[in-house]
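Taking it in order: structure first as structure tokens, then the write-up.
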Protein chains: 2
Amino acid sequence: MLRSDPDLAARCVSCTHLNSGFCAALFNACGEQSALPRLHQQFFTVRAGQQIKCQSEARDDVLVLCSGWAFRYIQLSDGGRQILRFLLPGDIFSPAAIFAKGMSFSAKALTQVQVSRLDGEEVRKQCRADELVMMEVFRSLGDNGRASYELITVLGQRPAERRIAHLLLSLMRRVAVDGVVQHHRYPFPLKQQHIADAIGLTSVHVSRVLALFRDRKILTISEGRLEVTDLAELERLAALN
Amino acid sequence: MLRSDPDLAARCVSCTHLNSGFCAALFNACGEQSALPRLHQQFFTVRAGQQIKCQSEARDDVLVLCSGWAFRYIQLSDGGRQILRFLLPGDIFSPAAIFAKGMSFSAKALTQVQVSRLDGEEVRKQCRADELVMMEVFRSLGDNGRASYELITVLGQRPAERRIAHLLLSLMRRVAVDGVVQHHRYPFPLKQQHIADAIGLTSVHVSRVLALFRDRKILTISEGRLEVTDLAELERLAALN
DNA sequence: CGTCGGGTTGAAGATTGTCAATCGTAGTGG
DNA sequence: CCACTACGATTGACAATCTTCAACCCGACG
């Protein structure tokens, strides 16, 4: 599961996640001009479906997703699983764990992923030294908090159709931030079971709703891609006000 | 709705919320021994049911609940309302808003409440000056994040009975932290409509489930009090693993 | 060629919502 | 003291939503 790869670091330098956000601030702060020490990081890859970080692991590391998709989730003993958040390149696996006690969720790779492991103490040092790095942590925490509250609202107040619409639209928007998207076609590696676990439905019901969306010419999911044909209707369904 | 009250400050000094958490750290840091300037704060009271802070209000303040109960919520245009979190004395209304852009929720008083208003810039200054104050902000953020993820899991994976059990048990535990609780009787100012809005059910269904709990001798809610008669069963229902 | 994972579909049932009536309690004004 | 009202809780009947179980399909892959 863990693998050392010297080439990976070089490849990751050009990853999209370095163009913005936490890592950009972090590595800017540690650039040549800076008096700060260069940041030490390890890279590793995880295959699709494999666990990345589980609740029991108590290492003081900060993991950042470099490429691929992953998700945070909570596994219930009765077999149920709640997906809490999908992670895209640039996302910190557990931003709250940088400064406070970690939260009790696990993470899994959705596709094959590359992950950067930073030392917790070094990151905290950088946060204290550079206001911008700290602000990126707060931005990440804020985004996660906002997303959590939206998800709570959707789960509590919306029927299946609108839950799915909301999930798909939020993912689309996040994907569109750094990837060029053509003809309303988005990369979409989720299985219907992932959708189901993310919004508290069964995969059977997800299948039915997606069939409806297809019939109504709103969107189609096939071959790992999501194609939106009626964005206005999708937005209407996903709206939270 | 807003009211200046010179006596309130004196009264609030002995409030339970000062015995622990954010405010304790904040005022310790600003004590006589400290070189830091004394913190400026205003107090105001809000009657039960009144709004405290709405989405449009863009003031850079930090509000802390001094006494009474309140809640964060999102109001939907179709009449639905999702309660995101109940607030008890000592809770910050929007900890994420101290350092990042605020989140779009509103807050309402559940009982009559006393609120302390601190200046955002002063609070940030204290955070930078005193590690302990900063840690309290992170603790607050962490607690809120953990609670959000628990709520998401409960909403997504649990039926009505277990959702209600989870909500009641979490509230009990928070109430029990600083209040002395006798004979498993807890102050409980929520109406059934609040329970319903917090866990995504109708008040009608909440009524049915509470009737069931009464029949099964698990707990009883009456006259603003919650009395638990079978804690083991309640914990079993509320368990999240 | 068999198998396996993921998706689709149908039928039946469980859970929860909607609508509406009723009840008790607290307040309010005459 | 008594109507009158308002609010919250309760209950019944019925409907909508979603789950469960099962069968089947289909493409990938050994």
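So you know, we letter chains A, B, ... as the sequences are listed, proteins then strands, and number each from 1. Bear in mind the structure is a predicted one, so any value in this text is a computation, not a measurement.
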Got [X] and [Y] here, is their nearest side-chain heavy-atom distance under 4.5 Å?
| X | Y | answer |
| --- | --- | --- |
| Asp230(A) | Leu219(A) | no |
| His194(B) | Arg81(B) | yes |
| Leu151(A) | Tyr149(B) | no |
| Arg173(A) | Leu171(A) | no |
| Leu76(A) | Arg158(B) | yes |

Reading DNA chain C 5' to 3', which nucleotide is the first, and which the last, to come under 4.0 Å of any heavy atom in chain B?
dT16(C) to dC19(C)
Does anything in residues 102-112 of chain B pair up under salt bridge (charged side-chain N to carboxylate O under 4.0 Å, His left out), and if so which pairs, sequence neighbours excluded?
none
Should the pair Arg216(A)-Glu161(A) be classified as a salt bridge under the 4.0 Å nitrogen-to-oxygen rule?
yes
Sugar-phosphate atoms are those with a prime plus P, OP1 and OP2; base atoms are the rest. Using that split, label each nucleotide of nucleotides 10-19 of chain D B, S or - for protein heavy atoms under 4.0 Å, 5' to 3'.
BBBB----BB
